Amino acid sequence: MLPTLAEVLRLPPLQRARPRVVAGADRLDVPVRWVHIADVTDLAHLLYGGELVLSTGIAMPDDPEALRRYMDDLAEAGVSGVAVELGRKYHTELPPAFLDAARAAGVPLVQLDHGARFVEITEAVHVRVVNEQLEELRESEQLHSVFTRLSVEGAGAAQVLREVARMSGRPVVLENLTHQVLACDLNGADPAAVLSSWENRSRAVRSGSRTVYDPDTGWLATGVGAPGQDWGRLVLVAGADPAPRQRMLVERAATTLALGRLIEHQQESLERQTHRTIISGIIDRSYTDPEEALVRARAVGVPLQGRPLLGLVLRLRESGGGLAGQALLSDTAEAAARACRELRLPALVGSLDDLRVGVLLPVPEQRSADPALRGLADRVAATVGDAAVLAVGSSAEGVREVRRSFLEARQVGDAAVRQSERRPFYRLTDLHLRGLLHLLRDDERLQTYVERELGALLDHDARHGGDLTEMLRHYLEAGRNKALAAGRAHLSRPAFYDRLRRISRILDADLDSVEACLSLHVALLSLDSVRDDR
């Protein structure tokens with residue numbers, strides 16, 4: 001937010017002195033932090049950097065070597081420039097040796113052709129600097145106020161992006177680690193212009209630091225998540241070189257999005273809260289002794305000891321977000337608890353997050369759980385309709401194994417919401433590889449795996465408009481039969497073989513290796529799941 005040297009030279013007190021840049025005209029974009037008036041050559045040790053030095057030149061040495069040392073010292077101190085008034089020592093122009101020393105040191109040198117009132121110049125520059133800093137503080141306070149309110153309200157991503165678009169007047173996009181759009185607010189811009197070929201364009205914008213500006217695309221991008229554990233990237237389509245306020249805006253918004261992911265939005269009954277606490281403690285292994293979990297469960301009327309245990313997950317098909325999403329989650333949890341009571345099934349029922357309700361169900365031995373599961377599914381559906389699917393984990397013989405059962409049920413539920421075939425409930429045996437990858441599509445580890453296996457090839461296609469990724473897909477889906485794959489790709493065999501050699505070189509992979517090809521095939525299926533375009 002500091003003014004540049006070019007802006008300072010346009011201030012009225014300096015304009016009255018008729019400034020003329022005689023050296024370093026290409027460096028006038030340097031910021032000016034302060035003004036320092038000095039007519040001594042032993043000056044550098046008094047400076048902190050960013051100063052515009054004003055001088056009458058009266059103490060300037062005549063020796064060219066001494067002038068060079070003077071300018072070198074100022075350059076090392078980091079001054080923004082030197083302005084010298086004519087009339088005291090130099091009458092018509094600054095000596096060539098002075099100009100040469102400034103050019104060699106890379107310090108802008110300004111000649112003031114008319115008598116200057118240094119006090120007025122100092123006051124004008126300092127007022128400008130202080131006002132800029134006050135404005136920056138005001139803007140920072142405004143951003144803090146807005147995004148603190150959003151954080152406290154538990155605002156969803158759409159609301160956060162809407163605020164960013166409003167405050168910046170520019171489109172804003174939230175993407176995941178594989179450059180797929182998670183949410184956006186286009187601020188009235190043409191969707192085709194902003195989002196067309198998003199993945200390819202986004203891959204070209206490398207984030208070497210936390211926040212980066214790419215002049216080719218005009219994008220200002222910053223990571224979302226904890227440093228080193230990012231789960232996405234926030235992109236402001238800023239256009240021209242963004243102002244510091246825009247950088248503050250996207251960074252504050254990214255922090256709000258990261259916090260929002262950690263905040264639970266639901267409101268629950270006291271019973272549901274208690275059940276949720278016990279379930280979470282078992283899943284997270286918060287209890288130092290499993291007996292504590294058994295005691296707590298028994299205290300709320302759910303005996304867990306001596307019975308097989310099933311971890312069930314009621315997975316919402318969609319998250320409405322905000323109060324509507326909280327209400328649906330609460331209705332689903334209460335419907336599940338009521339169904340268990342009606343079926344005389346003692347169970348712990350509580351929300352796991354804003355998309356899932358967990359049910360820890362003890363099953364009497366020598367009795368199939370399927371009738372109870374069908375009854376539970378029917379009763380929940382009578383309340384929330386088709387809004388949720390029931391996923392069932394494998395049987396656990398004790399509290400220590402419940403975590404595995406819930407994790408399995410969570411995976412099954414995430415995949416089941418994308419299944420076209422509708423069932424009362426789903427088990428892991430009902431799903432195949434594509435379903436498994438669909439449930440992991442939002443996992444950063446899977447996205448990292450896709451990037452590690454295919455990133456170089458995807459980047460190559462994005463840069464050159466190529467189709468090598470599709471050629472690899474033809475080859476793998478043809479069971480590594482090159483002739484068959486060439487036919488499916490509508491290419492001659494020599495042309496297809498040449499593409500395979502290029503793919504092998506780009507990925508540094510042996511396409512004749514079964515293991516390498518299997519890994520690449522799984523990565524392609526994972527890419528389809530991440531893109532969700534099939």
Side-chain angles (χ1 to χ4, degrees), residues 174-183 197-208 221 223-235 258 261 315 353 355 403-404 406-419 428 431-463 466-480 500 502-534:
L174 176 64
E175 65 174 14
N176 63 17
L177 295 182
T178 54
H179 311 282
Q180 306 300 308
V181 175
L182 298 175
S197 302
W198 178 269
E199 180 183 347
N200 289 346
R201 290 187 291 145
S202 179
R203 286 180 179 278
V205 179
R206 302 303 181 101
S207 298
V224 181
Q229 299 179 356
D230 286 346
W231 51 264
R233 188 166 69 162
L234 186 64
V235 178
R261 187 160 172 164
R315 166 59 154 87
D353 52 38
L355 277 177
R403 173 185 171 86
R404 169 186 52 77
F406 267 112
L407 290 178
E408 183 178 308
R410 177 187 175 114
Q411 294 171 351
V412 171
D414 287 350
V417 295
R418 297 181 175 86
Q419 297 290 322
L428 189 59
L431 306 176
H432 302 288
L433 178 58
R434 286 187 183 273
L436 178 64
L437 295 175
H438 265 296
L439 71 91
L440 296 173
R441 64 193 296 269
D442 294 324
D443 192 309
E444 289 83 1
R445 291 168 295 184
L446 183 68
Q447 296 172 8
T448 301
Y449 172 78
V450 172
E451 288 299 296
R452 185 175 65 246
E453 293 291 315
L454 297 173
L457 193 63
L458 293 169
D459 288 347
H460 182 277
D461 281 351
R463 288 194 306 270
D467 60 354
L468 295 182
T469 304
E470 286 308 305
M471 295 303 103
L472 177 62
R473 188 188 300 277
H474 283 305
Y475 174 66
L476 297 176
E477 290 181 350
R480 298 189 299 123
L500 289 182
R502 289 163 59 192
I503 293 170
S504 178
R505 184 175 65 255
I506 292 169
L507 294 179
D508 191 24
D510 181 6
L511 297 184
D512 291 324
S513 165
V514 174
E515 183 177 352
C517 288
L518 175 61
S519 182
L520 290 172
H521 202 176
V522 171
L524 281 173
L525 294 177
S526 302
L527 180 65
D528 292 341
S529 297
V530 169
R531 288 175 169 171
D532 200 25
D533 59 358
R534 290 196 163 197

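The residues of the chain are indexed from 1 along the displayed sequence. Quantities reported herein were computed from a predicted structural model and do not represent experimental measurements.
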With rounding to the nearest 0.5 angstrom, report the CZ to CG distance, R480 to L511. 9.5 Å
Minimum heavy-atom separation for A258 and V224, please, with both atom names. N-CG1, 4.1 Å
So does W198 get a backbone contact from the side chain of S202, meaning a donor-acceptor N/O pair under 3.5 Å? no
Under 3.5 Å, is there a donor-acceptor pair between the side chain of S513 and the main chain of A516? yes
Using a strict threshold of under 4.0 Å (side-chain N to carboxylate O), is an ion pair present between R203 and E451? yes
Side-chain donor or acceptor of E453 paired with backbone N/O of A523 under 3.5 Å: no
Are D461 and D467 close enough that some pair of their side-chain heavy atoms sits under 4.5 Å apart? no
Shortest non-hydrogen contact from L355 to D353? N-OD1, 2.8 Å
Among V205, L174, L177, N176, which one satisfies side-chain contact (heavy atoms from CB on, under 4.5 Å) with R233? V205
Are any of the side-chain heavy atoms of L458 and H179 separated by less than 4.5 Å? no
Is M471 close to R502 at the side-chain level, that is, under 4.5 Å between some pair of heavy atoms? no
What heavy-atom pair brings G223 and D230 nearest, and what distance separates the two atoms? CA-OD2, 3.7 Å
Straight-line distance of E470 CD to E477 CD, nearest 0.5 Å: 8.5 Å
How long is the span from the OG1 atom in T469 to the CD1 atom in I503, to the nearest 0.5 Å? 7.5 Å
Which atom of C517 lies closest to which atom of L476, heavy atoms considered: CB-CD2, 3.6 Å
What's the separation between atom CG in L437 and atom CG in L524, rounded to the nearest 0.5 Å? 11.0 Å
Distance check, rounded to the nearest 0.5 Å: L468 atom CG versus L454 atom CG? 12.0 Å
Distance from R452 atom CZ to L507 atom CG, nearest 0.5 Å? 13.0 Å
Check the pair R206, D459 against salt bridge (charged side-chain N to carboxylate O under 4.0 Å, His left out), reporting the backbone distance first and the verdict last. CA-CA 11 Å; R206 302 303 181 101; D459 288 347; 2.9 Å; yes
Minimum side-chain heavy-atom gap Y449-V522 below 4.5 Å: yes
